[in-house]
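Numbers for residues simply follow the sequence, beginning at 1.
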Amino acid sequence: MNIQTITGTTSLYALLGSPVSHSLSPTIHNTSFAHLGLDAAYVVFDVNTQNIGEAVAGIRALGIRGFNVTMPCKQAVIEHLDALSPAAQLIGAVNTVSVEGDTLTGHNTDGAGMIRALSEAGAVLSDARVVILGAGGAARAIAAQAALDGAAQVHLAKRPGATFATAQADVTRLAEATGVDMALVDFSDEGALADAVSNADILINATPIGMGDGSTEIPVNVDWLTSEHYVADAVYHPRRTALLAAAEGVGATPVEGLNMLVWQGLIAEEIWLGEQLADSGRAISATPVLAALAI
Ligand code: NAP
């Protein structure tokens with residue numbers, strides 16, 4: 001946004017977290033706001049878990065219209081909010097907060113961003129069998145949203161180790177809460193992973209494997225993939241990971257992590273601006289945002 005266009009009526013949106021100086025969120029939101037012709041601006045504030053409460057109190061006092069939350073505050077922010085969406089409640093982490101009067105509601109759009117990117121590519125979540133590589137923050141957000149959106153089966157794959165049992169308990173809790181068939185597979189058990197991936201409709205990499213310029217790392221054996229698979233990567237740098245290139249090579253449908261990133265932001269805008277956009281007939285679009293990111 002050009003500084004001259006900020007006036008006394010401009011609505012302010014923000015990102016809280018640390019570090020935030022290299023975040024792509026300001027580009028995503030300011031590009032989208034400009035495309036929508038909105039009198040709105042998005043800024044970042046470096047906030048940590050010690051001062052997140054004061055920051056949220058400041059947001060209430062200043063009339064900021066909505067905000068995102070990133071590491072390390074995604075859990076710590078919860079006690080300062082008034083309500084949680086079903087996804088945020090299930091995931092136990094918040095990345096988007098809506099402000100309606102005095103009520104701050106926490107949402108989590110990370111999983112929804114991935115599901116929207118998959119849907120845009122033609123994948124159907126209803127009754128789908130989904131395999132997610134990794135069991136960290138992104139994997140759990142995607143797993144919870146996939147379950148909420150009607151997946152028949154969600155398997156996560158995690159390396160064995162000290163945190164396996166805790167992750168297994170979390171997956172069991174998610175399965176009980178959603179009624180969806182969910183399981184945690186041992187990433188190092190090649191037979192079990194091959195079975196899960198071969199029988200899946202959708203494979204999602206939510207590990208950092210493949211991240212970084214020139215990386216040729218692929219998290220699974222490409223022989224397990226067919227042209228029937230949708231293969232998505234949460235990694236967005238590089239934009240076309242080695243996994244996505246290999247998936248495309250066997251005729252599978254690739255879905256880029258950058259689309260997940262853009263959609264988690266644009267779904268936050270749908271939450272903040274929903275009624276305003278519906279009334280004005282304006283529509284959110286990922287196209288100008290993807291062009292502006294140009295990575
Ligand atoms: P995280 O919480 O640290 O979780 C990472 C997961 O990957 C863990 O389960 C970890 O396994 C697993 N992992 C790491 N290295 C591995 C390896 N060599 N082999 C097998 N598993 C491995 O991270 P996160 O926040 O979920 O992020 C995961 C990836 O998604 C990152 O690349 C991040 O940049 C990306 N991401 C993208 C978006 C987007 O919008 N596109 C959003 C969020 C995250 P253990 O549990 O065994 O340690």
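- In this view, Ser119 satisfies the side-chain hydrogen bond (donor to acceptor under 3.5 Å, both in side chains) rule with no residue, not counting sequence neighbours.
- Nearest approach of Gly92 to Ile78, heavy atoms of both residues: O-CD1, 3.6 Å.
- The nearest pair of heavy atoms linking Arg282 to Gly37 is NH1-O, 3.2 Å.
- For the pair Asn108 (side chain) and Ala87 (backbone), a donor-acceptor distance under 3.5 Å is absent.
- Note that the CG atom of Leu104 and the CD1 atom of Ile64 stand 11.0 Å from one another [nearest 0.5 Å].
- For the atom pair CD of Glu275 and CD of Glu270, the computed distance is 13.5 Å after rounding to the nearest 0.5 Å.
- Judged purely by atom type and a 3.5 angstrom limit, Thr109 has no side-chain atom pairing as donor or acceptor with the backbone of Ala112.
- Annotation: side-chain hydrogen bond (donor to acceptor under 3.5 Å, both in side chains) contacts of Asn259 (sequence neighbours excluded): none.
- Val231 approaches Ala252 most closely through the heavy-atom pair CG2-CB, 4.1 Å.
- With contacts defined as side-chain heavy-atom distances shorter than 4.5 Å, the pair Val56/Val47 does not qualify.
- When the ring pair (Phe, Tyr, Trp, His ring centres under 6.0 Å) test is applied to Trp263, no partner is found at least two apart in sequence or on another chain.
- Judged by distance alone, the side chain of Thr172 and the main-chain N or O of Gln168 form a donor-acceptor pair under 3.5 Å.
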Sequence neighbours excluded and cut-off under 3.5 Å, please list the side-chain donor-acceptor pairs for residues 214-225, or say none.
from	atom 1	to	atom 2	distance (Å)
Ser215	OG	Glu217	N	3.3
Asn221	OD1	Asp223	N	2.9

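- Between Arg159 and Thr207 the shortest side-chain heavy-atom distance does not fall below 4.5 Å.
- Pairs engaging residues 72-99 under the salt bridge (charged side-chain N to carboxylate O under 4.0 Å, His left out) rule: Arg60-Asp82, Lys74-Asp110 [sequence neighbours left out].
- Its side chain outside the 4.5 Å cluster rule for every partner, Ile91 clusters with none of the Ile, Leu, Val, Met, Phe, Trp and Tyr residues.
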Distance-only donor-acceptor hits, side chain of residues 181-188, under 3.5 Å, sequence neighbours excluded:
from	atom 1	to	atom 2	distance (Å)
Asp181	OD2	Gln153	NE2	3.0
Asp186	OD1	Ser188	N	2.7
Asp186	OD1	Ser188	OG	2.7
Asp186	OD2	Ser188	OG	3.3

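- With sequence neighbours left out, Glu54 forms a side-chain hydrogen bond (donor to acceptor under 3.5 Å, both in side chains) with no residue at all.
- Proximity of a side-chain donor or acceptor of Asp279 to a complementary backbone N or O of Gln276 within less than 3.5 Å is not detected.
- Contact check for Ser18 versus Pro72: side-chain heavy atoms found under the 4.5 Å cut-off.
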Please output the side-chain donor-acceptor pairs of residues 126-148 that fall under 3.5 Å, not counting sequence neighbours, one pair per line with the distance.
from	atom 1	to	atom 2	distance (Å)
Arg129	NE	Asn199	O	3.1
Arg129	NE	Asp201	OD2	3.3
Arg129	NH1	Asn199	O	3.2
Arg129	NH2	Asp201	OD1	3.1
Arg140	NE	Ala135	O	2.6
Arg140	NH1	Asp170	OD2	2.2
Arg140	NH2	Ala135	O	3.1
Gln145	NE2	Asp149	OD1	3.2

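- Within a 6.0 Å radius of CZ in Arg240, other residues, nucleotides and ligands contribute more than 12 heavy atoms.
- Between Ile204 and Leu118, some side-chain heavy-atom pair lies under the 4.5 Å cut-off.
- Partners of Asp189 by side-chain hydrogen bond (donor to acceptor under 3.5 Å, both in side chains), not counting sequence neighbours: none found.
- Using a 4.5 Å heavy-atom cutoff, the side chains of Leu266 and Ser32 are in contact.
- A 4.5 Å side-chain heavy-atom check between Phe33 and Leu273 finds at least one atom pair inside the cut-off.
- Considering every non-hydrogen atom in both Leu16 and Ala55, the closest pair reads CD1-CB, 4.1 Å.
- Applying the ring pair (Phe, Tyr, Trp, His ring centres under 6.0 Å) test to every pair with at least one member in residues 40-86, sequence neighbours left out, gives these pairs: His29-Tyr42.
- Side chain of Ser280 to main chain of Leu277: a donor-acceptor pair is present (N/O by atom type, distance under 3.5 Å, no hydrogens or angles).
- Judged purely by atom type and a 3.5 angstrom limit, Arg116 has no side-chain atom pairing as donor or acceptor with the backbone of Ile267.
- Listed for the Asn30 side chain is a donor-acceptor partner under 3.5 Å among the backbone atoms of Pro26.
- The minimum heavy-atom distance between Val235 and Ile209, with the atom names listed, is CG2-O, 3.9 Å.
- In this structure, the side chain of Tyr13 does not engage the main chain of Ala40 through any donor-acceptor pair within 3.5 Å.
- Taking each heavy atom of Ala88 and Val94 in turn, the nearest pair found is CB-CG2, 4.0 Å.
- Note that the CG atom of Leu261 and the CG atom of Leu293 stand 7.0 Å from one another [nearest 0.5 Å].
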List the atom pairs, donor and acceptor, that lie under 3.5 Å between side-chain atoms in residues 96-103 and the rest of the protein, sequence neighbours left out.
from	atom 1	to	atom 2	distance (Å)
Thr96	OG1	Asn68	ND2	3.1
Ser98	OG	His107	NE2	3.1

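- A distance of 11.0 Å separates CG of Leu244 from OG1 of Thr253, quoted to the nearest 0.5 Å.
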